[in-house]
Amino acid sequence: MFDLIEDNIHRFKKIVFVTGAGISQESGIPTFRGKDGLWRNHDAMRLATIDAFYDNPKLVWEWYNERRENIFQAHPNAGHKAIAELEKYAEVVVLTQNIDGLHQKSGSSRVLELHGSIVKIKCSVCDYKEEIFREISKLPPLCKCGNVLRPDVVWFGELLPQEVWKNAINFANNCDLMIIVGTSLVVSPVNTLPIYAKQNNATLVEINPEHTVMSENMDIIIRNTSAESIPKLVSLFKNKS
Ligand code: APR
C-alpha cells in the first residue's frame, strides 16, 4: 500500500487530512463507536443534543468536564506529530472532527475544527464566548447575562460553523491527496468531504484498523493504527524531498 503512495508521490502537492476520534485513541482519548467507544455506555441523545442540554445542563456539563480532564492530560502521539512534520514537504491542511486540540499542540499550522473545541465555551443565548483551560467547578456555569453557558461544540442536529465548513469544502475540492484517518465516516456532513475530493480526482487513502462504510470508495487502504502508519507515510515524502 505504501508503494502505491510512493509511486505517485510527485503528484501529491496539496494534502488534506480528514481526522476523527481514532487518531487520538493512542493518546488515551476514547473513540465514540466501536468496542470501547463512548457511545457504547453513554446515550448520545442525553449528552450531545441541545434538547438534552436544556433538559439537564448539569448532567451534560459533568460529562464534558470528565472529557476536559482526560483531554487536558493527553499529549499528541506519533500520528499527530508526523502530520505536523509533513508541512515541511507539502501543503497540508487538517480538517478535524476532534475537539481535543492535539493537532495544534503537535504543531500543525492549518487546522479547521469542524465540530468545535473542548476549551471553547459560549452562552446558550447571547453572543458571549470564551476559552477556559482550567477545571470548571460550579456546574452548569452561568454567563454574565444570567443564562447557561454551553460547550462550543457541534451537537447532533446542529449546523457546523458555516465559515469553517465552507473553507473545508474548498480545501477538499482542491486537494490531490486526501488522507482519512481514524473516523468511522458515519457522521454527516463531514463524511461528504471525500466526495468533494474525488470530484477533483484526488487519491483517497484510508488509515484505520477497521473497515468503514466508505472503505470501498478508497483508492488505498492502510489497515493499521495512525501512530504506526502516518510516520511511515511521511517518511516517503521526506525521502523524496
Ligand atoms: N488509529 C486509527 N484509527 C483508529 C484507531 C487508531 N489507533 N483506533 C480506532 N480507530 C478508528 C475506528 O476503527 C473507527 O473507525 O477510529 C474510528 C473512530 O470512529 P468514531 O468513534 O465514530 O469517531 P468519529 O468518526 O470521529 O466520530 C464522528 O461523532 O459523536 C460524534 O461528534 C462526535 O466528532 C464525532 C463524530
Side-chain angles (χ1 to χ4, degrees), residues 11-25 29 31-33 48-50 71 76 79-87 89-120 122 129 131 151-208 212-215 217-220 222 226 230 233-234 237:
R11 289 202 297 115
F12 302 144
K13 305 274 186 273
K14 290 184 181 178
I15 305 176
V16 165
F17 282 85
V18 175
T19 67
I23 196 170
S24 297
Q25 187 264 340
I29 301 174
T31 61
F32 295 95
R33 298 168 187 84
T49 69
I50 190 67
I71 287 171
H80 298 104
K81 290 180 192 165
I83 294 176
E85 196 196 347
L86 187 58
E87 288 188 14
Y89 315 109
E91 211 178 301
V92 179
V93 177
V94 182
L95 309 178
T96 189
Q97 295 166 92
N98 297 345
I99 59 173
D100 57 33
L102 291 185
H103 284 296
Q104 294 92 323
K105 261 195 192 167
S106 71
S108 280
S109 62
R110 277 213 280 186
V111 182
L112 273 61
E113 293 178 312
L114 304 172
H115 288 174
S117 159
I118 194 88
V119 296
K120 292 187 184 154
K122 65 181 181 185
K129 284 185 185 219
E131 291 191 354
D152 193 358
V153 297
V154 177
W155 283 328
F156 288 104
E158 293 186 318
L159 285 179
L160 269 53
Q162 287 302 282
E163 199 55 30
V164 178
W165 178 238
K166 212 171 77 189
N167 288 333
I169 292 175
N170 206 17
F171 285 121
N173 259 329
N174 287 295
C175 70
D176 32 50
L177 176 63
M178 177 174 275
I179 305 174
I180 300 147
V181 188
T183 172
S184 57
L185 288 172
V186 295
V187 172
S188 174
V190 173
N191 59 3
T192 62
L193 289 169
I195 301 167
Y196 288 103
K198 208 64 211 166
Q199 283 165 2
N200 192 40
N201 274 328
T203 299
L204 301 184
V205 178
E206 175 171 84
I207 299 180
N208 196 316
T212 73
V213 288
M214 289 180 81
S215 291
N217 305 97
M218 299 294 153
D219 298 300
I220 299 170
I222 299 171
S226 42
I230 304 174
L233 190 147
V234 171
F237 285 85

Chemist: Between Val181 and Phe17, is any pair of side-chain heavy atoms under 4.5 Å apart?
Modeler: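 The answer is yes; the side chains approach within 4.5 Å.
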Chemist: Does Asp152 come within less than 4.0 Å of Lys120, counting only side-chain N to carboxylate O?
Modeler: no
Chemist: Would you please test Ile29 and Ile71 for side chain to side chain contact (heavy atoms under 4.5 Å, CB included) and show each step?
Modeler: CA-CA 7 Å; Ile29 301 174; Ile71 287 171; 3.9 Å; yes
Chemist: Can you confirm whether Leu177 sits close enough to Val16 that some side-chain heavy atom of one is under 4.5 Å from a side-chain heavy atom of the other?
Modeler: no
Chemist: Rounded to the nearest 0.5 Å, what separation is found between the SG atom of Cys175 and the CG atom of Leu95?
Modeler: 8.5 Å
Chemist: Would you call Arg110 and Glu91 a salt bridge, taking side-chain N to carboxylate O under 4.0 Å as the test?
Modeler: yes
Chemist: Heavy atoms only: give me the nearest Tyr89-Phe237 pair and the separation to one decimal.
Modeler: CB-CB, 4.1 Å
Chemist: If you take all heavy atoms of Asn98 and Ala21, which pair is closest and at what distance?
Modeler: OD1-N, 3.0 Å
Chemist: Find out whether Val205 and Met178 are in side-chain contact, i.e. whether some heavy atom of one side chain is under 4.5 Å from a heavy atom of the other.
Modeler: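 The answer is no; the side chains never approach within 4.5 Å.
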Chemist: Measure the NZ-CD distance between Lys122 and Glu131 for me, rounded to the nearest 0.5 Å.
Modeler: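 One finds 13.5 Å between NZ of Lys122 and CD of Glu131.
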Chemist: Run the numbers on Phe171 and Leu112 for side chain to side chain contact (heavy atoms under 4.5 Å, CB included), then give the verdict.
Modeler: CA-CA 10 Å; Phe171 285 121; Leu112 273 61; 4.2 Å; yes
Chemist: Calculate, to the nearest 0.5 Å, the distance between atoms CD and OG belonging to Gln97 and Ser184 respectively.
Modeler: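 With rounding to 0.5 Å, CD (Gln97) is 7.5 Å from OG (Ser184).
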Chemist: Backbone N or O of Leu160 within a donor-acceptor pair of the Gln162 side chain at under 3.5 Å?
Modeler: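 The answer is yes, because a donor-acceptor pair under 3.5 Å joins these two groups.
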Chemist: Does Asp176 use its side chain to pair, donor to acceptor, with the backbone of Ala202 at less than 3.5 Å?
Modeler: no
Chemist: Quick check: closest heavy atoms across Val94 and Ser108, and the distance to 0.1 Å?
Modeler: CG2-OG, 4.1 Å
Chemist: Does the side chain of Thr96 come under 3.5 Å of the side chain of Thr19 through a donor N or O and an acceptor N or O?
Modeler: yes
Chemist: Output the distance between atom CD1 (Ile179) and atom CG (Leu233), rounded to the nearest 0.5 Å.
Modeler: 4.5 Å
Chemist: Under 3.5 Å, side chain of Asn170 to main-chain N/O of Lys166, donor-acceptor pair present?
Modeler: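 Checked: no pair found.
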Chemist: Taking the side chain as C-beta and beyond, is there a heavy-atom pair between Thr183 and Thr212 under 4.5 Å?
Modeler: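 In short, these two side chains do not touch, never coming nearer than 4.5 Å.
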Chemist: Using a 4.5 Å cut-off on heavy atoms from C-beta on, say whether the side chain of Ile118 contacts that of Pro151.
Modeler: no
Chemist: Would you call Ile207 and Ile230 a side-chain contact if the rule is heavy atoms closer than 4.5 Å?
Modeler: yes
Chemist: Answer yes or no: is there a side-chain heavy-atom contact under 4.5 Å between Thr192 and Ile169?
Modeler: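 In short, these two side chains do not touch, never coming nearer than 4.5 Å.
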Chemist: To the nearest 0.5 Å, how far apart are CE in Met214 and CG in Asn208?
Modeler: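 One gets 13.0 Å once the value is rounded to the nearest 0.5 Å.
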Chemist: After noting the C-alpha distance and the side-chain angles of Ile50 and Phe156, does the key distance pass the side chain to side chain contact (heavy atoms under 4.5 Å, CB included) rule?
Modeler: CA-CA 8 Å; Ile50 190 67; Phe156 288 104; over 6 Å; no
Chemist: Please report the closest heavy-atom contact between Ile15 and Ala90, naming both atoms and the distance.
Modeler: CD1-CB, 3.6 Å
Chemist: Measure across Ser24 and His80 and return the closest heavy-atom pair with its distance rounded to 0.1 Å.
Modeler: OG-NE2, 3.3 Å
Chemist: Can you name the closest pair of heavy atoms from Ser117 and Val153 and give their distance?
Modeler: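 So the two residues come closest at O-CG1, 3.8 Å.
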Chemist: With side chain to side chain contact (heavy atoms under 4.5 Å, CB included) as the test, would you mind laying out the steps for Ile23 and His103 before giving the verdict?
Modeler: CA-CA 10 Å; Ile23 196 170; His103 284 296; 3.8 Å; yes
Chemist: Checking Glu113 against Gln104: is there a side-chain donor and acceptor pair closer than 3.5 Å?
Modeler: yes
Chemist: When you measure from the side chain of Glu87 to the backbone N and O of Ser109, does any donor-acceptor pair fall under 3.5 Å?
Modeler: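 Side chain of Glu87 to backbone of Ser109: a pair is present.
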Chemist: So, do Val190 and His115 sit near enough that their side-chain heavy atoms are less than 4.5 Å apart?
Modeler: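 Side chain of Val190 against side chain of His115, heavy atoms only: contact under 4.5 Å found.
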Chemist: Out of curiosity, Asn201 CG to Asp219 CG, how far, rounded to the nearest 0.5 Å?
Modeler: 9.5 Å
